[in-house]
Amino acid sequence: QRLRGGAAAKALAEAIASGSEDKLRLALEKAHEAGSTGRQVEEARNMLERTVAGRELQDALAAGDETALMCAAARARAAGLIGGELEHAELALRHSAATRTLHEAAAAENEEALTSAITEAQEIGMDEGLIEEAHAVLRRLVAYRELTEVLDMNGDSDELEGALMIGLAAAEEAGLDTELLAAGVAKLNTMQALAFAVAGDDEQTLRQALITAREAGLSEVVLTHSEARLQR
């Protein structure tokens, strides 16, 4: 028994020095058969757990399976593995989660969530192409919101026309192709036609422009200002 214990201790020492998973398993089996216990056995057992956890982590990273990687990372942390592969795995998990969040926010057309997701993606160094795709979606969302706000504005003609031209330019640059863009163009054309009629001397043209402007939903501020021209 003493000889078996000595052989087991030697095998454990060699296995610990090598860090080999197979040698550690074999040495621990010999130690169990010899009834060995103590610090050396515990050290070998802990090293085996870390070695197995590291191998599973590498396999999960190579497979690119998020669920498997989450489980492997949890086992690695529990085994006391630090640095290296674990940091790589945790970064890969952040990338995976950030990519999913980015896609979900873009699909939901949620401006606030998409802005946050883009910031996270930039912080962890995600693929620039993917980030730019998200930025393109964000630009369309912002352009849509801002153009909607401009169309709802109730100011004087110069203020509205300037804001509308800026909003339309941003919408076109962002690739916005919706009924909202067409409505903005139509409103701008109506405002410019009304401004032209106000500046002219033809009362009938001005009256018709006012009718068109009212039907187009131009603000009362603009309409009142233009109608005053008829009283002169």
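Small disclaimer: the values here were computed from a predicted structure and weren't measured.
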Colleague: Any ion pair linking R140 and E109 (charged N to carboxylate O, less than 4.0 Å)?
Modeller: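 No, this pair does not count.
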Colleague: Could you see if I124 belongs to whatever hydrophobic cluster contains I118? Use Ile, Leu, Val, Met, Phe, Trp, Tyr and a side-chain cutoff under 4.5 Å.
Modeller: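 As far as the 4.5 Å side-chain criterion goes, I118 and I124 are connected within one cluster.
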Colleague: Between atom OG1 of T190 and atom CZ of R214, what is the distance when rounded to the nearest 0.5 Å?
Modeller: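 If we round to the nearest 0.5 Å, T190:OG1 and R214:CZ are 13.5 Å apart.
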Colleague: For the pair E33 and K30, find out whether any cationic side-chain nitrogen is under 4.0 Å from an anionic carboxylate oxygen.
Modeller: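 So E33 does not pair with K30 through a salt bridge.
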Colleague: Kindly compute the distance separating SG (C71) from CG (L57), expressed to the nearest 0.5 Å.
Modeller: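 Spacing of SG (C71) from CG (L57) equals 11.5 Å.
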Colleague: Between E29 and R25, is the closest basic N to carboxylate O distance under 4.0 Å?
Modeller: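 No.
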Colleague: Taking all non-hydrogen atoms of both residues, which atom of L24 and which atom of I16 are closest, and how far apart?
Modeller: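 Shortest heavy-atom contact: CD2-N, 4.0 Å.
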Colleague: Please check: side-chain N/O of H95 versus main-chain N/O of M126, any donor-acceptor pairing under 3.5 Å?
Modeller: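 It does not hold such a pair.
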Colleague: Are the side chains of T99 and H103 in touch, meaning some heavy atoms are under 4.5 Å apart?
Modeller: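 Result yes, sub-4.5 Å side-chain heavy-atom pair found.
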Colleague: What is the minimum heavy-atom distance between S36 and V41, and which atoms define it?
Modeller: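 Scanning both residues, the minimum pair turns out to be O-CG2, 3.8 Å.
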Colleague: First locate atom CG of L164, then atom CG of L188, and finally report the distance between them rounded to the nearest 0.5 Å.
Modeller: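 If I round to the nearest 0.5 Å, the distance is 5.0 Å.
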Colleague: Between K187 and E161, does any side-chain N to carboxylate O distance fall below 4.0 Å?
Modeller: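 A salt bridge is absent here (no side-chain N lies under 4.0 Å from a carboxylate O).
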Colleague: Give the intermediate values and the outcome of side chain to side chain contact (heavy atoms under 4.5 Å, CB included) for residues H135 and Q122.
Modeller: CA-CA 11 Å; H135 265 302; Q122 290 172 325; 3.4 Å; yes
Colleague: Check whether any side-chain heavy atom of Q58 lies under 4.5 Å from a side-chain heavy atom of L61, and answer yes or no.
Modeller: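 Side-chain contact under 4.5 Å: no.
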Colleague: Working to the nearest 0.5 Å, report the span between CG of L141 and CG of N110.
Modeller: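 Those atoms lie 8.5 Å apart.
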Colleague: Distance-only, no hydrogens or angles: does the S116 side chain make a donor-acceptor pair with backbone N or O of A113 under 3.5 Å?
Modeller: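 Checking the backbone N and O of A113 against the side chain of S116, no donor-acceptor pair under 3.5 Å is found.
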Colleague: Of all the heavy-atom pairs spanning A170 and A143, show the shortest one and how long it is.
Modeller: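 Looking at all heavy atoms of both residues, the shortest contact is O-CB, 4.0 Å.
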Colleague: Between L86 and A73, what is the shortest heavy-atom contact and its length?
Modeller: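 Result for this residue pair: CD1-O, 3.9 Å.
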Colleague: As a quick check of understanding, evaluate side chain to side chain contact (heavy atoms under 4.5 Å, CB included) for E56 and R75, giving each step before the final call.
Modeller: CA-CA 9 Å; E56 291 178 345; R75 284 195 294 270; 2.8 Å; yes
Colleague: Side chains of H32 and L28: does their closest heavy-atom pair fall under 4.5 Å?
Modeller: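 Result no, sub-4.5 Å side-chain heavy-atom pair not found.
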Colleague: Quick one: are E66 and R100 in side-chain contact, heavy atoms under 4.5 Å?
Modeller: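 E66 reaches R100 side chain to side chain.
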Colleague: Kindly compute the distance separating CD (E132) from CG (L138), expressed to the nearest 0.5 Å.
Modeller: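 The CD atom of E132 sits 10.5 Å away from the CG atom of L138.
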Colleague: Check whether T119 reaches the backbone of T115 with its side chain - one donor and one acceptor, N or O, closer than 3.5 Å.
Modeller: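 Yes, the answer is positive, given that a donor and an acceptor are paired below the 3.5 Å cut-off.
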Colleague: Looking at R94 and E120, does any basic side-chain N land under 4.0 Å from a carboxylate oxygen?
Modeller: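 Result for this pair is yes, salt bridge flagged.
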Colleague: Kindly determine whether E42 and R45 satisfy salt bridge (Lys or Arg N to Asp or Glu O under 4.0 Å), including the steps that lead there.
Modeller: CA-CA 5 Å; E42 187 64 25; R45 187 176 292 117; 3.2 Å; yes
Colleague: Closer than 3.5 angstrom, by distance alone: can the side chain of S96 be matched with the main-chain N or O of A92 as a donor-acceptor pair?
Modeller: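 A pair under 3.5 Å: no.
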Colleague: What are the two closest non-hydrogen atoms of G167 and L147, and how far apart are they?
Modeller: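 Distance-wise, the nearest heavy atoms are C-CD1, 4.1 Å.
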Colleague: Check this for me, if you would: do E21 and R55 make a salt bridge, where the nitrogen-to-carboxylate-oxygen distance has to be below 4.0 angstrom?
Modeller: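 Salt bridge present between E21 and R55.
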Colleague: Look at the side-chain heavy atoms of Ile, Leu, Val, Met, Phe, Trp and Tyr, link any pair under 4.5 Å apart, and say whether M191 and L210 land in one connected group.
Modeller: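 Same cluster.
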Colleague: Given the rule in the side chain to side chain contact (heavy atoms under 4.5 Å, CB included) test, do L194 and T212 qualify, once you have shown the distances and angles that lead to the verdict?
Modeller: CA-CA 9 Å; L194 181 58; T212 302; over 6 Å; no
Colleague: Distance-only, no hydrogens or angles: does the Q40 side chain make a donor-acceptor pair with backbone N or O of A9 under 3.5 Å?
Modeller: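 Pair found, side chain donor or acceptor close to backbone of A9.
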Colleague: Can you give me the closest heavy-atom contact between Y144 and T178, atom names plus distance?
Modeller: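 So the minimum-distance heavy-atom pair works out to CE1-OG1, 4.2 Å.
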Colleague: Consider only side-chain heavy atoms of I, L, V, M, F, W and Y, link residues closer than 4.5 Å, and tell whether L151 and L181 are in one cluster.
Modeller: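 Same hydrophobic cluster.
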Colleague: Is it true that E203 and R207 have a side-chain N and a carboxylate O under 4.0 angstrom from each other?
Modeller: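 Answer for the salt bridge query: yes.
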Colleague: To the nearest 0.5 Å, what is the distance between CZ on R139 and CG on L114?
Modeller: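 These two atoms lie 11.0 Å from each other.
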Colleague: Tell me whether the count of non-hydrogen atoms from other residues, nucleotides or ligands lying under 6.0 Å of CG in D201 goes above 12.
Modeller: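 12 or below, so no.
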Colleague: If you group Ile, Leu, Val, Met, Phe, Trp and Tyr by side-chain heavy-atom gaps below 4.5 Å, do L180 and V185 land in one group?
Modeller: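 Per the 4.5 Å side-chain linkage, L180 and V185 are co-clustered.
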